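Each chain gets a letter, A, B and so on, in the order its sequence line appears, and its residues count up from 1. Since the structure is predicted, the reported quantities are computational estimates derived from the model, not experimental observations.
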There are 2 protein chains.
Amino acid sequence: MTNKAIRDKLKGKGLKVTPQRIAVFEAASILKNHPSAENIIDYIRKFYPNVATATVYKVLDTFISHNLLRRVETERGVMRYDPITENHHHIYCADSNRIEDYFNEELNNLLIDYFNKKKIPGFHIEDMKLHIIGRFTGNR
Amino acid sequence: MTNKAIRDKLKGKGLKVTPQRIAVFEAASILKNHPSAENIIDYIRKFYPNVATATVYKVLDTFISHNLLRRVETERGVMRYDPITENHHHIYCADSNRIEDYFNEELNNLLIDYFNKKKIPGFHIEDMKLHIIGRFTGNR
DNA sequence: CTATATGCAAATCATTTGCAACCAG
DNA sequence: CTGGTTGCAAATGATTTGCATATAG
């Protein structure tokens, strides 16, 4: 994502454009394994050594609440971030912290159709995410 | 789950049966909203006021590694625990910390069939969990 | 008996808060 | 200008660690 595209994303949400915000969004997009705040901070500091840790956390929170980033659900106490806000699923490696995106329109439709037929009483579904857990076999 | 059943579960895994372990497993089963460690500690202390915080965390880790409990994936930095280790899904309330179990054999089969047809290249699936996110409407 | 589990206090790690200085609009 | 944003340092909260003591098998 270009610098200009990031500026436009921020403006589109009515957010002030700051170098720190651009850097955080850029880092979240470039770092491919659904980075943690720490990953993002380490990456940014290579270029802006004086960015404050707390600033990055505040920027991340701002982005979450404006739907520019999503949090990735994990079983561990470290938050991970996802620059893709459209509905998609995740492939979790059972023996590393690797998490890959899984896009599949057919699967989405299958799930939507299923729950249209078989409703959950007393519950209104807004989103569904499949967690696919397993092991990577060889190189992909 | 009866006290005896818990003892048998522990013995079945070759674990020593201690009052603390029984209490932790009992609490995790009785507390219905996929309790956090803190929830479990608070509950246990009503009956065993001198149980150490660290002991509960150690017991939880032991249970996780022996597959007597599962961790529940969340977007927040607090671990939650699930006494049900068989495959099932979770319903997440979008505006509270409520998480309900969702059992559905038909859905499991639908997913298994789907991924038998449409494999993920370079990945071997071991488990799938659907996160159903939305809002509870009225009482259930 | 002996290895393992517990309790306690201190340590760690991720994240948050408070506040003065700064800067985008 | 001015309110939202940043940097810093200190606070918080959940979880972990180290070690002496206790206890299950």
Nearest-Å distance, [atom1] ([X]) to [atom2] ([N])?
X: L10(A); N: dA24(C); atom1: CG; atom2: P; result: 13 Å
X: D42(B); N: dG13(D); atom1: CG; atom2: P; result: 14 Å
X: D61(B); N: dT17(D); atom1: CG; atom2: C1'; result: 12 Å
X: I41(A); N: dT15(C); atom1: CD1; atom2: P; result: 8 Å
X: R45(B); N: dC8(C); atom1: CZ; atom2: C1'; result: 11 Å
X: I40(A); N: dT15(C); atom1: CD1; atom2: C1'; result: 14 Å
X: N97(B); N: dA14(D); atom1: CG; atom2: P; result: 13 Å
X: N50(B); N: dA9(C); atom1: CG; atom2: C1'; result: 16 Å

Original post:
Which residue, E38(A), K58(A), R45(A), forms the side chain to side chain donor-acceptor pair (under 3.5 Å) with T53(A)?
Top reply: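 The side chain to side chain donor-acceptor pair (under 3.5 Å) with T53(A) is passed solely by R45(A) among E38(A), K58(A), R45(A).
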**OP:** Identify the residue among E73(A), H90(A), H89(A) that makes a side chain to side chain donor-acceptor pair (under 3.5 Å) with H131(A).
**Re:**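 Running side chain to side chain donor-acceptor pair (under 3.5 Å) over E73(A), H90(A), H89(A) with H131(A) returns exactly one hit, E73(A).
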Please pick, from [options], the nucleotide with the shortest atom-to-atom distance to any side-chain atom of [X].
X: A54(B); options: dT15(D), dA24(C), dC8(C); value: dC8(C)
X: R21(B); options: dG4(D), dT15(C), dT6(C); value: dT6(C)
X: T55(A); options: dA24(D), dT16(C), dT6(D); value: dT6(D)

Original post:
How do V51(A) and E38(B) order along DNA chain D: which one's closest nucleotide is nearer the 5' end?
Top reply: V51(A)
**OP:** Return no unless some side-chain N or O of Y57(A) is found under 4.0 Å from OP1 or OP2 of dT16(C).
**Re:** no
Subject >> Below 4.0 Å: OP1/OP2 of dC23(C) and any side-chain N or O of Q20(A) >> reply: no
Original post:
Can you tell me if N33(B) uses its side chain to pair, donor with acceptor, with the backbone of N97(B) under 3.5 Å?
Top reply: yes
Original post:
Are the side chain of N39(B) and the backbone N or O of S36(B) linked by a donor-acceptor pair below 3.5 Å?
Top reply: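 Pair found, side chain donor or acceptor close to backbone of S36(B).
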Original post:
Hey, which of these two, A37(A) or K58(A), hits DNA chain C nearer its 5' end, going by closest nucleotide?
Top reply: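 Its nucleotide being nearer the 5' end, the pick is A37(A).
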**OP:** Report the residue (G77(B) or A52(B)) whose heavy-atom-nearest nucleotide on DNA chain C is the more 5′ of the two.
**Re:**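 With G77(B) and A52(B) compared, the 5'-side residue is A52(B).
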Original post:
With a non-hydrogen cut-off below 4.0 angstrom, is T18(A) in contact with a base, only sugar-phosphate, or nothing?
Top reply: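 Result for T18(A) = sugar-phosphate.
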Original post:
Can you list the steps and then say if V51(B) with Y48(B) is a side-chain contact (heavy atoms from CB on, under 4.5 Å)?
Top reply: CA-CA 6 Å; V51(B) 179; Y48(B) 306 88; 3.4 Å; yes
